[in-house]
Amino acid sequence: MSSVGARLSPKRGQYLRAYRFMLLARVAEEKLASLYRAGLIKGGVFLGRGQEALSVSVGLNLRKGDIFAPLIRDQAGRMAFGDSVLDTFRTYLGSQLGSMRGRDGNIHRGRPREGYYAMISHLGAMIPAVAGGLMARRFRGETGVVGATCLGDGGTSTGAFHEGLNVAAVEKLPLVVVVANNQYAYSTPNDRQFACKDLLDKAAGYGIAGHRADGTDLADCLRIVGAAIEAARSGGGPQFVVGDLLRLVGHGEHDDAGYVDPGLKSAHVGRDCLKVSEEFLIEKNWASAEQIAGWRTEAKREVDTTAARVQREASPDPAEEDWRAVSIPSGDLARV
Amino acid sequence: MSSVGARLSPKRGQYLRAYRFMLLARVAEEKLASLYRAGLIKGGVFLGRGQEALSVSVGLNLRKGDIFAPLIRDQAGRMAFGDSVLDTFRTYLGSQLGSMRGRDGNIHRGRPREGYYAMISHLGAMIPAVAGGLMARRFRGETGVVGATCLGDGGTSTGAFHEGLNVAAVEKLPLVVVVANNQYAYSTPNDRQFACKDLLDKAAGYGIAGHRADGTDLADCLRIVGAAIEAARSGGGPQFVVGDLLRLVGHGEHDDAGYVDPGLKSAHVGRDCLKVSEEFLIEKNWASAEQIAGWRTEAKREVDTTAARVQREASPDPAEEDWRAVSIPSGDLARV
Amino acid sequence: MITYLEAIRSALAKLLADDPRVFLYGQDIGSFGGAFKATKNLAREFPGRVLDSPLSEDAIIGVAIGAAIEGMRPIVEMQFADFSVCGFNQIVNHAATLYYRTEVPCPIVVRLPSGGTPGSGPFHSQSMEAIYAHYPGLVVMTPGTVEDVYSMLVEAVAIDDPVLFCEHKFLYNHLKAERLPDLVAPAFKARLARQGRDATIVTYGAMLHESLAAAQELVADGYEIEVVDLRTVKPLDTDTVLASVARTGRILCVSEAWPWGGVAAEVVARVTAEGFDLLDAPPQRLNARDTPVPYHPDLWAAHRPTASAIASAMQRLLEM
Amino acid sequence: MITYLEAIRSALAKLLADDPRVFLYGQDIGSFGGAFKATKNLAREFPGRVLDSPLSEDAIIGVAIGAAIEGMRPIVEMQFADFSVCGFNQIVNHAATLYYRTEVPCPIVVRLPSGGTPGSGPFHSQSMEAIYAHYPGLVVMTPGTVEDVYSMLVEAVAIDDPVLFCEHKFLYNHLKAERLPDLVAPAFKARLARQGRDATIVTYGAMLHESLAAAQELVADGYEIEVVDLRTVKPLDTDTVLASVARTGRILCVSEAWPWGGVAAEVVARVTAEGFDLLDAPPQRLNARDTPVPYHPDLWAAHRPTASAIASAMQRLLEM
Ligand SMILES: Cc1ncc(C[n+]2csc(CCOP(=O)(O)OP(=O)(O)O)c2C)c(N)n1
Ligand SMILES: Cc1ncc(C[n+]2csc(CCOP(=O)(O)OP(=O)(O)O)c2C)c(N)n1
Ligand SMILES: [Mg+2]
Ligand SMILES: [Mg+2]
């Protein structure tokens with residue numbers, strides 16, 4: 001399928017923008033990994049290495065005013081939707097100045113007011129929430145809005161996925177659910193996760209459209225995800241996209257992923273989408289190896305300065321916390 | 001499809017046994033309804049009128065040693081699996097002597113030790129439980145065992161349904177899930193419940209076999225459900241059966257079902273499976289109108305005497321209750 | 001006369017009429033009007049704003065959360081409180097944490113038809129207020145009067161935080177009032193339901209009426225029992241409780257929920273920590289039995305606190 | 001030296017070896033050995049009895065319940081306690097009610113990797129013991145020592161009722177013991193972890209160690225603080241707590257769970273109802289703050305009770 005993607009040549013500008021976000025995400029994640037190894041990030045670091053092409057295609061095809069609920073491995077898509085290197089590092093490092101102010105961290109970040117929902121850990125849970133956001137837009141008469149959310153192969157086994165997708169289908173909402181089938185849920189391979197021949201077989205069960213993308217091929221991802229988002233935007237109801245790829249890193253940085261089948265690594269699905277896109281750029285003469293190297297240096301500079309800057313920022317001060325989980329003015333509650 | 005069912009003629013003996021259970025269930029439920037109207041049954045009464053053919057086909061095709069987790073509208077299937085008129089009335093009337101001893105009631109009854117699981121209200125919840133029961137049998141090396149459970153169209157929207165069916169598919173368990181699509185979930189019509197063209201479209205999403213039965217035609221139900229159970233028994237993995245029919249009564253006896261589309265009542269799906277089977281018996285000369293009338297009188301006599309007997313039985317005495325939800329000997333817990 | 005149930009419907013109608021951000025979502029609440037008819041006619045009166053949902057509690061709550069993020073004021077109905085456990089994750093992990101995590105509030109109201117009625121059994125009788133109150137970020141209201149169920153539901157929608165609205169099924173049609181209130185106490189203040197002198201009963205919901213009946217019974221023995229209606233169990237108005245205990249020196253907490261970690265436990269723990277010196281006798285609790293709610297009406301009546309059970313518990317407390 | 005985590009693995013190995021009815025089911029517990037390696041090597045040592053599940057908590061618990069009905073002794077692992085809410089309905093409505101409703105017990109063990117660790121945040125840090133303890137029909141164990149986590153897990157499988165086994169992640173690798181116990185106290189008895197005279201701290205889990213450290217701190221001020229380790233919070237061994245309060249007259253309950261209706265509330269409510277006259281000062285509670293568990297290690301450290309926070313709470317209690 002990637003060949004197809006390659007044949008119908010993608011738009012140069014979009015492809016280049018997408019590549020730059022992929023590169024920035026890759027470089028940022030490499031930095032996060034090193035900070036984790038250095039013990040500077042507590043908890044965990046969860047990377048999207050190898051999944052940038054699919055992820056960026058979601059963020060890039062969405063517009064301002066759309067809703068995006070990214071998941072664990074969407075650094076590239078988040079950035080394409082407007083998230084910054086700065087807030088990424090602030091959130092991972094728990095900075096008071098980050099969008100989560102140290103109260104939540106790593107991938108659990110967002111700015112809901114800007115349509116950028118902050119995931120909770122419980123997989124599948126964001127699907128009905130995005131559906132609800134889209135229902136709100138419809139109540140307000142807004143049209144042409146799309147809501148997209150990402151999930152992994154394991155996430156498709158949750159009740160939340162099923163209920164959320166079904167509700168969206170019944171309401172015919174412009175929801176796009178993109179499943180990154182990276183072959184494993186943590187250590188669990190597809191054959192212990194589901195028994196359908198193909199995850200796309202699930203679409204018919206909800207009465208929604210299904211699309212397959214080659215997750216290792218940026219051109220194909222841009223085209224397929226773009227088409228799905230366009231279909232949702234133009235009233236086609238929920239769209240279900242499955243991208244096949246391989247997680248080229250551990251589940252988290254604590255995990256050496258020793259369980260990954262070597263056969264998959266050497267297979268088409270195991271290709272590094274970043275490398276593939278670089279070869280494509282060069283083959284197309286859209287960029288030279290030197291330019292690409294320059295972009296990487298640029299990205300590295302931005303990431304390193306940002307990381308350094310955030311490490312100098314003050315941690316949240318417990319004494320300054322109001323320790324209140326409700327927004328009700330304290331006055332209204334003698335004691336909670 | 002019913003015509004097909006009628007063409008391949010069913011086995012006379014099985015058909016007659018099935019009919020007698022349907023009749024007994026129908027008569028028993030009519031009595032339950034009158035006791036409810038008389039204020040003798042508190043809470044609610046939930047009937048399977050119009051669903052007897054599909055339900056009985058499940059109970060009748062199961063064997064001793066199989067597992068059955070019936071649901072709301074399975075009086076006929078319960079009786080075919082071994083439940084009695086006596087325990088039905090004892091449970092509805094909360095008799096101390098019933099299987100639930102007045103602690104639970106109406107359709108929430110069973111004898112788990114005998115493979116007859118007692119449903120909890122939360123729809124979909126019995127599916128993974130039956131799957132677990134089947135895993136236990138497999139651990140013990142028992143083969144040729146089948147587990148069956150019933151559900152409604154609304155129940156397919158629950159996360160429990162999705163997770164349970166998926167787990168059973170991954171484990172390739174001999175589970176048969178029979179969905180009685182009676183067109184409504186309480187008052188909610190199919191088109192507010194799901195958007196797939198056909199509930200059978202869900203089977204492929206789990207990688208399991210799907211079967212359709214005409215829920216108004218006993219012959220078709222016996223054949224299709226029988227084939228599904230046989231397929232599971234012989235190692236075919238989970239089987240998904242959808243029977244189309246109409247609930248010919250309110251959701252509960254409190255409900256006049258005014259919301260039911262008259263068009264459906266007059267359509268094929270709105271046929272009363274009991275009447276249809278009686279016509280079939282007569283057409284086949286397997287029974288005369290007189291015999292059938294006689295069977296009904298017999299059934300009525302059994303039901304009335306049983307109801308009278310149970311009404312004379314003592315209610316549970318609160319003073320006799322130990323009020324303990326755990327089985328740990330009280331001695332072991334100074335105070336719980 | 002207006003019933004507790006009609007008061008809920010009136011509040012919903014008023015909310016839909018006054019606030020375009022409000023919509024209702026839940027099973028069978030549209031043209032059917034809901035399992036208890038709390039939304040009767042509302043789908044017709046407010047076209048497109050009273051929506052039937054699939055049989056999917058997790059999605060129902062999730063949808064409400066997303067809509068709230070976008071500025072709506074969703075009111076969702078669980079057909080029975082007992083089924084809210086199927087949407088539990090969305091309530092306690094998504095709605096309850098949103099404001100703390102993102103500064104974006106989550107103004108949803110989850111209506112929970114709660115509590116026992118004869119013959120309802122283990123899965124249609126539960127009182128879940130203690131479960132939800134344990135979680136930070138949630139407001140849990142337990143109105144026990146017609147006036148309160150109306151005014152507190154209106155206030156619940158005004159509040160920016162997720163509100164679990166525990167309306168008691170036993171009161172739906174039994175409880176009647178002359179008319180709807182115009183002036184009402186704020187939802188977070190407990191109310192002195194009966195003045196007394198010898199001891200205080202702290203309670204809420206359907207138990208308010210059992211407690212008032214018990215207090216009345218005890219008049220014959222010459223006792224004047226004060227009754228405090230908590231109205232909202234989280235936040236919990238400890239001050240009003242302490243003020244009553246300061247007058248009476250004795251406290252019995254009555255709740256229909258299960259004992260372990262219930263409302264009564266929380267009230268006793270607060271009163272002893274903050275009002276120890278006010279106490280002339282050990283504070284007592286009376287809850288439902290620690291078993292599932294039984295089906296048979298006789299077992300059910302013995303499972304929950306009743307006026308006479310409350311009266312005898314109070315007798316014992318008064319003799320301490 | 002054996003760690004708390006290794007003790008869990010040893011108990012699981014012993015159970016698999018001794019009892020053919022035992023099997024393990026959960027996410028990534030097979031060849032991978034589990035997110036925390038509690039089942040490391042067990043899939044190899046016990047082929048076909050340590051099964052990876054799909055990402056489906058509701059189904060995982062449901063499967064365990066069905067297997068238990070058929071006579072097995074399933075032990076399921078939730079990857080984190082926080083995710084057990086996705087199987088909540090099966091736990092509280094199916095497993096917990098089965099014995100009461102049908103007389104058929106439901107001997108499942110649900111392992112809940114519980115409690116906070118630095119940087120784990122709102123969804124990988126929760127302490128859910130109070131939530132499960134509120135429900136009738138469940139046993140809730142909260143082992144705080146290497147010996148207990150081993151012997152109580154073995155006992156949990158022997159018990160015919162559903163057991164929520166709250167193992168504390170903070171102790172997994174920090175806590176070490178010389179060897180596994182042979183003789184152990186029954187799971188339902190609280191333990192006097194430290195003898196004292198001036199006041200009692202009642203606690204469990206990771207807070208046991210913070211409390212012991214606090215008690216040690218207070219020695220400098222000449223105080224002898226008694227520490228009671230509840231070990232199991234439901235059933236709750238009130239007698240042992242009362243016996244200690246009888247000696248000291250003062251009680252502080254310390255829990256990492258949220259305050260409202262938590263273990264501390266239940267303990268205080270019992271002690272005041274049953275041991276009022278033993279008290280020389282108002283019983284106090286110290287819990288985590290009533291907000292989600294924050295991500296940043298500094299916020300986390302201020303959110304949960306620590307040795308120094310416990311020591312100062314005790315100082316205040318001692319001065320009352
Ligand atoms: C409901 C729930 N259960 C368990 C977890 C723990 N968990 C976090 S990520 C993960 C694996 C997810 O696999 P997949 O959905 O394929 O996404 P991937 O990590 O492969 O991108 C698990 C089990 C969770 N987050 N939510
Ligand atoms: C999880 C859950 N939510 C809500 C209910 C309340 N309820 C009981 S039956 C019912 C309708 C069920 O419809 P369907 O599954 O089609 O079965 P039918 O009643 O039509 O046989 C509902 C909503 C429930 N039992 N479980
Ligand atoms: Mg995956
Ligand atoms: Mg139906």
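Protein chains get the first letters and strands the later ones, always in sequence-line order, with residue 1 at the start of each.
In this structure, B:C196 and A:A204 approach most closely via the heavy-atom pair CB-O, 3.4 Å.
Judged by distance alone, the side chain of B:H162 and the main-chain N or O of A:F161 form no donor-acceptor pair under 3.5 Å. B:E163 places a side-chain N or O within donor-acceptor distance of the main-chain N or O of A:G159, the cut-off being under 3.5 Å. Although no hydrogens or angles enter the test, the distance criterion places a donor-acceptor pair under 3.5 Å between the side chain of B:N166 and the main chain of A:Q193.
Put simply, of B:I208, B:L199, B:D201, B:V170, the one with the most heavy-atom pairs under 4.5 Å next to chain A is B:V170. Most heavy-atom pairs under 4.5 Å with chain A, from the set B:P238, B:A195, B:G237: that is B:A195.
Looking at B:D191, the atoms closer than 4.5 Å to chain A (heavy atoms on both sides) all sit in the backbone: N, CA, C or O.
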